[in-house]
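This report concerns only the one structure given below.
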Amino acid sequence: ARELLEQAREKDKTPRQPEIDRELEMISMVEKGEVPQWVMARYIELRDAPPSHEVSSELERLMLYTPGFMQLRDALAWKLLKLGRTDEALINFEVLSRRELPADLRSSVLAGMGLLASISQRHRQVGHRTQAAVAAVPDNLRTALNQRTTDTLEEETTANLRLPPSSSSS
């Protein structure tokens with residue numbers, strides 16, 4: 001596999017080269033004994049699998065065998081994020097952000113943390129928009145609205161937009 005990838009890297013100087021380098025790095029990790037071959041094989045299968053509770057649980061289990069395998073933690077963080085488990089995703093991205101990482105992995109971590117920040121901010125903006133909408137209602141209609149709290153309206157608006165639940169209160 002290493003020989004084929006190295007040949008491809010020499011022939012192909014297109015943007016796909018980082019993918020080839022990433023695969024060569026994983027082969028090197030197995031050859032150096034940093035990651036057992038069975039863990040790497042299972043990681044590759046799970047990395048490409050659709051997000052599910054089973055996949056995230058299996059990735060967490062694999063981390064017990066190879067806590068220093070940062071690509072595995074990154075894959076787990078993204079699966080958790082896609083499942084809406086934002087608090088757990090953030091913990092994993094934060095662990096990764098404190099490590100020295102290759103550029104592609106650092107970019108992935110920064111993208112994940114940026115997306116989490118965006119989701120959090122979007123949820124807060126919905127609350128502000130709801131409050132502004134309530135404030136804009138004419139006084140003669142406001143009596144009916146006053147019976148419902150802004151929090152209730154915010155929850156309904158968030159549910160209608162299908163935003164993931166906030167991991168912290170706004």
Side-chain angles (χ1 to χ4, degrees), residues 1-9 12 14-126 154-170:
R2 173 185 288 285
E3 185 176 311
L4 290 174
L5 286 169
E6 287 175 352
Q7 288 173 4
R9 182 172 56 181
D12 188 12
T14 66
R16 290 181 47 98
Q17 186 166 344
E19 295 172 15
I20 294 171
D21 292 341
R22 197 172 19 249
E23 298 299 317
L24 286 169
E25 176 62 26
M26 289 191 299
I27 291 170
S28 178
M29 292 168 81
V30 170
E31 289 174 345
K32 292 177 188 174
E34 296 171 0
V35 177
Q37 185 172 355
W38 71 270
V39 171
M40 184 64 74
R42 190 68 181 128
Y43 158 73
I44 291 169
E45 290 173 21
L46 296 171
R47 170 187 72 182
D48 298 328
S52 70
H53 175 71
E54 293 77 22
V55 168
S56 64
S57 293
E58 181 72 9
L59 288 169
E60 288 171 337
R61 188 178 73 76
L62 291 176
M63 278 184 28
L64 297 174
Y65 296 101
T66 55
F69 186 11
M70 296 298 110
Q71 292 87 343
L72 175 67
R73 185 176 292 274
D74 182 64
L76 173 61
W78 279 103
K79 299 290 185 197
L80 293 169
L81 178 60
K82 290 175 184 177
L83 291 170
R85 294 165 58 186
T86 55
D87 289 339
E88 294 168 80
L90 181 60
I91 289 168
N92 283 284
F93 282 129
E94 286 177 341
V95 167
L96 288 165
S97 73
R98 292 190 292 268
R99 295 289 193 96
E100 231 8 84
L101 300 171
D104 63 326
L105 195 52
R106 174 141 320 271
S107 295
S108 175
V109 170
L110 292 174
M113 292 181 82
L115 184 57
L116 283 166
S118 175
I119 289 169
S120 174
Q121 186 62 29
R122 183 171 27 146
H123 181 70
R124 284 191 207 117
Q125 288 174 351
V126 169
E154 181 179 353
E155 289 171 13
E156 289 175 7
T157 304
T158 301
N160 289 338
L161 292 174
R162 297 196 182 351
L163 295 175
S166 175
S167 54
S168 62
S169 60
S170 40

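Heavy-atom basis, side chains included; hydrogens, waters and symmetry copies ignored. Note that this is a predicted model, so its numbers are computed, not measured.
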If you measure from [atom1] on [X] to [atom2] on [Y], what distance do you get to the nearest 0.5 Å?
X: M26; Y: E31; atom1: CE; atom2: CD; answer: 12.5 Å
X: S97; Y: L105; atom1: OG; atom2: CG; answer: 11.0 Å
X: L72; Y: M29; atom1: CG; atom2: CE; answer: 9.0 Å
X: L110; Y: L115; atom1: CG; atom2: CG; answer: 12.5 Å
X: L46; Y: R61; atom1: CG; atom2: CZ; answer: 9.0 Å
X: I91; Y: L96; atom1: CD1; atom2: CG; answer: 12.5 Å

What pairs with [X] under side chain to side chain contact (heavy atoms under 4.5 Å, CB included), at least two apart in sequence or on another chain?
X: A89; result: L80, L81, F93, L116
X: S52; result: E54, V55
X: L83; result: P51, S56, R85

Determine, stepwise, if the pair R47 / Q71 fulfils side-chain contact (heavy atoms from CB on, under 4.5 Å). CA-CA 9 Å; R47 170 187 72 182; Q71 292 87 343; over 6 Å; no

Using only atom types and a distance under 3.5 Å, with no angle test, would you say the side chain of K79 pairs donor to acceptor with the backbone of D74?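 It does not hold such a pair.
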
Look only at the side chain of S28 and the backbone of L24, and say whether a donor-acceptor pair between them is shorter than 3.5 Å.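 No, S28 side chain to L24 backbone: no donor-acceptor pair under 3.5 Å.
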
Measure across P67 and M70 and return the closest heavy-atom pair with its distance rounded to 0.1 Å.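 Scanning both residues, the minimum pair turns out to be O-CE, 3.2 Å.
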
Tell me which donor-acceptor pairs under 3.5 Å the side chains of residues 33-45 have, and how far apart each pair is, sequence neighbours excluded?
| residue | atom | partner | partner atom | Å |
| --- | --- | --- | --- | --- |
| R42 | NE | E58 | OE2 | 3.4 |
| R42 | NH1 | E45 | OE1 | 2.6 |

Which residues pass the salt bridge (Lys or Arg N to Asp or Glu O under 4.0 Å) test with R99, sequence neighbours left out?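 Salt bridge (Lys or Arg N to Asp or Glu O under 4.0 Å) list for R99, sorted by chain: empty.
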
Going by the salt bridge (Lys or Arg N to Asp or Glu O under 4.0 Å) test, which pairs reach into residues 101-115, not counting sequence neighbours?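 Every pair satisfying salt bridge (Lys or Arg N to Asp or Glu O under 4.0 Å) with a residue in residues 101-115: R22-D104.
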
